[in-house]
Enquirer: 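Encoded as structure tokens, here's the structure I'll be asking about.
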Amino acid sequence: MLGAWRGLRSEAGGARALRVGAAADKAAMPIHMLKIISGAPETALPSHLQRVDSKYLQLGCDHANKYFKGTVTLSYPLIKLGNGTDSFKITLQDMENSCSRTSSINILLLGKMAKDCAKVVHQGIYTKSSPITASEIASTPVALKYTYTPLNHLTGGTTVNLYGVVKFFKPPYISKGTDYCSVVTLVDQSNVKLTCTLFNGNLDALPKIYKIGDIVRFHRIKIREYNGQIQGVTSIGFASLTFDGTPGAAIIPRASSKLYTFTDEEQKTIEELRVWGSSNLSISGPAVKLSGVQPKLYFDLTCQLIGKAEMDGSSFLLKVWDGTKCSYQSWKVPVESRDLEGDKVLIHKLRNLTVDILVYDNHVQLAKSLKVGSFLRIYSLHAKQACPENQADVLYIEFHLHGGTGYGRGFGVLPESNPDVKELKSFLDSVDLTEHQNVETVSSMELDSTSDSVSNSEVYLERCQQLSVTVLTDHQDLNETALNTILNNPAPQQYRIRAKLRTFKPQKLYQSIKLYCSKCNSLQEVPDGDDFDFILQDSAATLPNPELHNKLWYDSAVWNTEHPKQRTIAVHFVKHNEMVQEPGNCLIMVEGGTQKEIMKLTRRFKGVIPVRSMQEDLELLDLSAPFLLQGKIRHYGCKQCSKPKTIKSLHFLSEEEHPSWEPSEVAQILGIKPLQYAFVMEFTLVDGTGELNAYLFDYEKFFQIPACEVLSSDLLQKKMEATMNSLSSPKRKIDDLPWLECVIRSYTVRDGTEQRVCYQIFDTTVAEDVV
DNA sequence: GGTTAGGTTTAG
């Protein structure tokens, strides 16, 4: 309250006087004694100090360069608080303004200041120039022993001290008046409940309750009747301590004021209430993590805030994470990047682990004050089940913190010292971001967006009833939607559209073939032949190990060759029923071969696995090389998601009754997560109302060409080229281009610093007469 | 020492 002190020795009346100055002095300022001669200090006070009376000493007033002068009318013994801090209380009275009702003030000094001041003021005598009043005693908690009233002994019209286990609470929220409000229902061993309505303009002055089951100690709570029921309300001097309710946990008070007493005897009370509460209160089970969220659930979430944004007056966006991945697709609230507060890089990094929460109405104001990075507990958060219009089969979750405070709905900031926060922090630190960070995910992939935009009038197209060159394979019941409508709608949704293909990327069609991992969602380029050559050359340096030849489940053939240089080649023929199968059904493993030799072998054998010798067993080559070649198709594994096993594992496949040597089965038994070939393209679609870029991500449905075969087939490449030419061509005017009917879905992505809506074509195929 | 809220889900 007050910044600094100067002791003043008064010659008059034998009473000691103190000057209490709120000048810029630091709290550690030592006590100075000043002599007063004929009512004036011997040493003049600095001229910039201005004297004020007690009425001026109020919260919110600027106390810089002010001082209060008064006579010590009462002083109390120097005592130590529960936390070891020295405390010294005195009462000062402004004798020169004694007609004022509030001419005396109580002052609590803490720490070194208390000690120093006690020495000067005390010295064995103190002067009491006015009677001690009840209110002075009541506001001197350090001097009193408290009595606590059990909840079954409460009567209206009293002010009491009490203990209780929290049975229900509303975290502090901003009331419609001037204060924060918190409603707390307590219960104790008498099984009687008491609901308390607590107000304070200062958030910290309300109990710091984080969980049902917490133990509280209230001082000076007023008991009264309301609607025939007894209730507790804050009264002057209300103070609280809150404790974790877990039996055996450390007893650390969360105090609503800096000054409080806490005795060993009280520790016993806390522990008794903990034990009683834990067996008599239905305390909620283990906390729900994002990964455990189910649709339609109301739950409490402990999380870290990483981004926030104002939406409109009645809603506010919080982006949070708890280190686990929500098992359901959750909504992404569209928001302009410039409106989003938080570390954009981090938000992008964590984009697959964060969820968007909209808080509404009365919660908005408090949400605005939250600091990004802080830890929150959000109470009664609603995981609302939602699905795009007309799409009952596509399910996702929206997170809402609805308006109002019913059921304790709200949120609070947890301090870093909170055990749950400590646990969460260490978990967040342990999260492997690369696992969720997808270098390039399908949902956020981008193929250089077009910068040239074409005005609506330029691409104005008259709707006509000509046949479409593409057809839907599902969703025929959807109505057509104009592109400009789609562009103005929030995501995610699904639409049926009719549009023309103004242009597409990549123009070099072979570049549209990528490798996709369905586990980590990553997309990568198909390695070229040179990469394979290099790996084969490297592995040819390891000579085949004769100890690994002719095993129970394979026969081996070894020979030497001079070309292109001196090498040893080993081929291992995998047996079935202890017999080598005919080449068309036989899987072989090859050591030391060149790419050309291996390609030759793929023409004759069912499949070829390039391997090299280790001490104990054969092993696969680096995963930049195909783990299996079948015909012209090279099968690759995901480096990130595969855990290659020893080749011996193939043995189990060879023992099956009818081994198919399907790539998926070979991959699985070898611990490989196979990559899938996919077409990845960007279509710029126009329909006269707007222009929209949509991604095509397709294995073979759209072109009716398997993506895995295109790179090794001139015929298929020509076919694809012809198809694209029939859909779109820069040589043709837009009016002459055919219509495409497509189903697209919208979704939001954040990449880099911005969030935007993307679109993907699906369940659409090129009409048969076009292909 | 005045108001606020006084437990029981929004409906976005």
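Just so it is clear, the model here is predicted, and its values are computed rather than measured. We name chains A, B, ... by the order of the sequence lines, and we start the count at 1 in each one.
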Enquirer: For B/dT8, does the O4'-C1'-N9-C4 (purine) or O4'-C1'-N1-C2 (pyrimidine) torsion place it in syn, i.e. within 90° of 0, or in anti?
Expert: syn
Enquirer: Quick check, does A/Tyr407 stack with B/dG7? I mean ring centres under 5.5 Å and planes off by under 30°.
Expert: no
Enquirer: May I ask you to check whether over 12 heavy atoms, not counting those of A/Lys167, lie within 6.0 Å of atom NZ?
Expert: no
Enquirer: Using atom P of each nucleotide, how far apart are B/dT8 and B/dT4 to the nearest Å?
Expert: 16 Å
Enquirer: Base, sugar-phosphate, or nothing: which does A/Asp361 touch, judged by heavy atoms less than 4.0 Å apart?
Expert: base
Enquirer: Using the ring centroid of each side chain, check whether A/Phe316 and A/His363 are separated by less than 6.0 Å.
Expert: no
Enquirer: Just verifying a value: how many Å separate A/Leu194 CG and A/Ile223 CD1, rounded to the nearest 0.5 Å?
Expert: 5.0 Å
Enquirer: Using the P atoms only, state how far B/dA5 lies from B/dT10, rounded to an integer number of Å.
Expert: 16 Å
Enquirer: For the pair made of CZ in A/Phe316 and P in B/dT10, what is the distance, rounded to whole Å?
Expert: 22 Å
Enquirer: What do you reckon, do A/Phe199 and the base of B/dT3 stack, with centroid distance below 5.5 Å and planes below 30°?
Expert: no
Enquirer: Expressed in angstrom and rounded to an integer, what is the separation of A/His402 atom NE2 from B/dT9 atom P?
Expert: 13 Å
Enquirer: Starting at OH of A/Tyr298 and ending at P of B/dT8, how long is that distance when rounded to a whole Å?
Expert: 14 Å
Enquirer: Reckon A/Gly404 touches a base, only the sugar-phosphate, or nothing at all at heavy-atom distances under 4.0 Å?
Expert: nothing
Enquirer: Between B/dT4 atom C1' and A/Tyr180 atom OH, what is the distance in whole Å?
Expert: 13 Å
Enquirer: If I take atom OH in residue A/Tyr379 and atom C1' in nucleotide B/dT10, what distance separates them, rounded to the nearest angstrom?
Expert: 20 Å
Enquirer: Which one of A/Asp244, A/Asp420, A/Asp300, A/Asn418 satisfies the side-chain hydrogen bond (donor to acceptor under 3.5 Å, both in side chains) criterion with A/Lys211?
Expert: A/Asp420
Enquirer: Judged by each residue's nearest nucleotide on DNA chain B, which is more toward the 5′ side, A/Asn200 or A/Lys167?
Expert: A/Asn200
Enquirer: Think A/Lys170 has a side-chain N or O under 4.0 angstrom from the OP1 or OP2 of B/dG6?
Expert: yes
Enquirer: Which part of the nucleic acid, if any, lies within contact of A/Ser235, taking any heavy atom under 4.0 Å across all strands shown: a base, the sugar-phosphate backbone alone, or nothing?
Expert: nothing
Enquirer: Ring centres under 6.0 Å, that's the criterion: do A/Phe169 and A/Tyr379 meet it?
Expert: yes
Enquirer: Closest nucleotide of DNA chain B for A/Gly406 versus for A/Asp179: which of these residues is on the 5' side?
Expert: A/Asp179
Enquirer: Taking CZ from A/Arg409 and P from B/dT9, how many angstroms apart are they, rounded to a whole number?
Expert: 9 Å
Enquirer: Taking donor-acceptor contacts at under 3.5 Å, does the side chain of A/Ser315 reach the base of B/dG12?
Expert: no
Enquirer: Rounding to a whole Å, what distance do you find between A/Phe399:CZ and B/dT9:P?
Expert: 22 Å
Enquirer: Could you check how far CD of A/Glu225 sits from P of B/dA5, rounded to whole Å?
Expert: 22 Å
